[in-house]
Amino acid sequence: MAVRSASPENIYATHPEKKVSLYFMVLGFLALSIGVIFGPFQIFNYAGIDLYPALQPIFKSYYQGLTLHGVLNAIVFTQFFIQGSLLYLQARDSDIRPLMPVAWAAWWIALIGLALAAWPLLLNNATVLYTFYPPLQGHWAFYVGAALIIVSSLVSVFLSVEMWVRWKKQNPGKPTPLVTFMTTATWMMWGLAAIGLVVEAVFFLIPWSLGWIRGVDPLLARSLFWWSGHPIVYFWLLPAYVSWYGLLPRQAGGKLISDPLARMAFLGFLVFSTPVGFHHQFADPGISAFWKGVHTVLTMMVAVPSLMTAFTIAASLELAARSKGGKGVFGWIRVLPWRNPSFVAQILGAVAFIFGGAGGIVNASFTLDYVVHNTAWIPGHFHLPVATASTLTFFGIAFWLIPHITHKPLAAPRTALAGVWLWFTGMMFLAFGMHMMGLQGVPRRAHISAMSAAHDGIYASSSFYMVFNAIAGVILTIAAVQLFYVLFATLLSRRRLPADQVPEVPIAEAISGPEGKNGVKVMDRLFFWWGAAVVLVLIVYMPTLVQLFMHMVPAPGMRLW
Amino acid sequence: MDNEKLIHAIEQYERSWLLFALVMIVVFLIFIGYTLTGFAFYVPSAAERVDPTTVRSEGGLFANPRVEQTGDNVYTAYVLAQAFSFLPGEIRVPKGARVIFYVTSPDVQHGFYIRGTNVNVQVIPGEVGKVEHTFDEAGEYLVICNEYCGLGHQDMIGKIIVEDK
């Protein structure tokens, strides 16, 4: 049925941002396809089964695999996909063309950064995990590459804000379109959040790895890392929220119930995402209990916009289902488009986030955190928001966006559907197994399947939960093969959809819109809210950081792998 | 139902939900504050900052990692977490002992996590972390390094033996 029609150049002609967005997303998925390979090896380790010898001599250790898994999946894939998809959504929503040379510069910087970082990672010269805490010292190319990747993200911040400013000038007095508002707020949030990593890399890690400075203060570096390290989770999640608010209701055949409420949630994230990093450092000596407490309160605040989101999404979907004849207290759920892999991927991601959010509240609860800090509970937790909510949503977006951009039909939609269900199921097994092992006192990021005989059996109390991890490993391997098959078969297909079958950008209307609402006008002053976020971050970080800067205890670098 | 009525109904649900969310958060914060005041719980604090390159050499605070009695059933332990072991590797105290731990690292970051207790400290070179715990139950407690420190990380495990007397 598919006929060959427009050539690629014609496809890109009207909207040149299509090409750069596609390049970003594909580069991200390529990184993910490598990083995911190590996933089964990691989870089988936590099932007590050591498969790493099979990777010898190409990959040297569990820890090298873990580093590649973390960096490629959590840092590279997420960011590149977000750079591509948000750029495109904002451009189409506001009908503003991005500064194309700048957009391509961002892509090239990202590519060079990835290549530089990948070189020492693949040669086992930067086995420092994706948190790269000093004094473990990797090869300089890893830090320079990582810094370039962050620089590329800051170029995306500029692109988004510049497009928004241009739209405001062309449309004086009008409220910013919702998707544009959400993407701009997301990038502004990240622009502030990224500063910690930039300072850590530029002033400490890069000169130190090149031998220009003797040492780095590990606590200062940790604090700068977590300045960015928690909001980076919102940077991964908010693009999923953009889709859940802005597109998903329409994909379900309905409308978003409240446009102003969506804006309020994003402003909450813009202001409260960053001043929360110490909740990753409850166990650190050298940071006062008072400031840890302040960060606890602010972390709890940032749960509120997520709880708002849960309400709005669920209510929008319920209304969509009822308008199509859905009945009953829960019966309406059956009417939702369960055959559409894009919809199902996103809704399963959102369901996983309910558990992810609940676990996050546990982690942020000052006193409870000591029970779970650096145990297997933590990776069990973050595989829900990042590896399920964000990743499944990104696959869901790709399932319509790649056909939209390339005019190529989604290959094997039934395989895609099976893949997202299996991914969700596998992650649920993984999350259960890992959370429970954490409560049994099993540490995170440890090669526990290859311990010396002297410690035989010390984690035997977790044997039951290890079974869940083994099952998760099998299910997730199948799911990954299915999802990547669908993705690459679509991209490499030579078929083209006829023009009238190419999916549109499904931007949802709102039942309660933004027009004529004073609150919306106040919320539209994004620079003011960005400023408020900066002030709040300075208040909660500066007393501690200044103290640390003034009394640095530099530690020399070491390579212990 | 017309649009106006629908929006009105949704807004009411929405307000209730937001109220519920806010109350929930406040209740959680109250619980956190309450547990901060007790529950065999101790926020790791910084005893002092030291030069990690000299901390274990002669004359350094941790030249002789040890546990010593410092009061009536009070013990003080100076623990060096290093790649890939704890010094002392085994700590013996009587049941009911209150133990004050000073922990630091001469090389990279480690974890000092006593399984089955709330003691969980990030061991950071340059920082002397201080925590305490009262061991009311006799038995063998594992001290587990729970921060990646290199190839031998998974085998970095120590012991605290609480003796029944």
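Here is how names work: the chains are called A, B, and so on, in the same order as the sequence lines, proteins then strands, and each is numbered from 1.
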Segment of A:His373 engaging chain B (4.5 angstrom heavy-atom cut-off): both
Structural part of A:Val304 lying under 4.5 Å from a heavy atom of chain B: side chain
When B:Phe84, B:Phe20, B:Phe112, B:Tyr13 are compared by non-hydrogen pairs under 4.5 Å with chain A, the top option: B:Tyr13
Partner residues of B:Thr117 under the side chain to side chain donor-acceptor pair (under 3.5 Å) criterion, sequence neighbours left out: none
Residue among B:Glu11, B:Glu48, B:Arg115 with most heavy-atom pairs under 4.5 Å to chain A: B:Arg115
Winner by heavy-atom pair count (cut-off under 4.5 Å) against chain A, out of B:Glu127, B:Glu147, B:Gln154: B:Gln154
Engaged part of B:Ser45 at the chain A interface, taking heavy atoms whose separation is under 4.5 Å: backbone
Which portion of A:Ile361 sits near chain B, non-hydrogen atoms under 4.5 angstrom: side chain
Chain B contact via A:Ala376 - which portion, at a heavy-atom distance below 4.5 Å: neither
From CA spacing to verdict: side-chain contact (heavy atoms from CB on, under 4.5 Å), A:Tyr459, B:Ile144: CA-CA 11 Å; A:Tyr459 300 131; B:Ile144 298 171; 3.7 Å; yes
A:Lys292/A:Asp369 ion pair, N-O < 4.0 Å: no
Contacting region of A:Ser61 [heavy-atom separation from chain B under 4.5 Å]: side chain
Proximity breakdown for A:Thr312 and chain B, heavy-atom pairs closer than 4.5 Å: neither
Largest heavy-atom contact set with chain A, pairs under 4.5 Å, which of B:Pro125, B:Gly152, B:Ala21: B:Pro125
Proximity breakdown for A:Gln137 and chain B, heavy-atom pairs closer than 4.5 Å: neither
Side chain, backbone, both or neither of A:Met300 within contact of chain B (heavy atoms, under 4.5 Å): both
Under 4.5 Å from a heavy atom of chain B, the part of A:Ile257 involved: side chain
Whether over 12 other heavy atoms sit under 6.0 Å from B:Lys159 NZ: no
Which of B:Val119, B:Val121, B:Asp51 touches chain A most, by non-hydrogen pairs under 4.5 Å: B:Val121
Contact listing (chain A partner; residues 87-104 of chain B; heavy atom under 4.5 Å): none
Ring-face cation contact, B:Phe62 with B:Arg56, 6.0 Å cut, 45° max: no
Geometric cation-pi criterion A:Arg222 and A:Tyr133, 6.0 Å radius, 45° cone: yes
A:Gln42 vs A:Tyr62, side-chain contact (heavy atoms from CB on, under 4.5 Å): CA-CA, chis, key distance, verdict: CA-CA 8 Å; A:Gln42 312 298 139; A:Tyr62 165 83; 3.2 Å; yes
Heavy-atom contact with chain B under 4.5 Å, split by part of A:Leu319: side chain
Under 4.5 Å from any heavy atom of chain B - which part of A:Val128: backbone
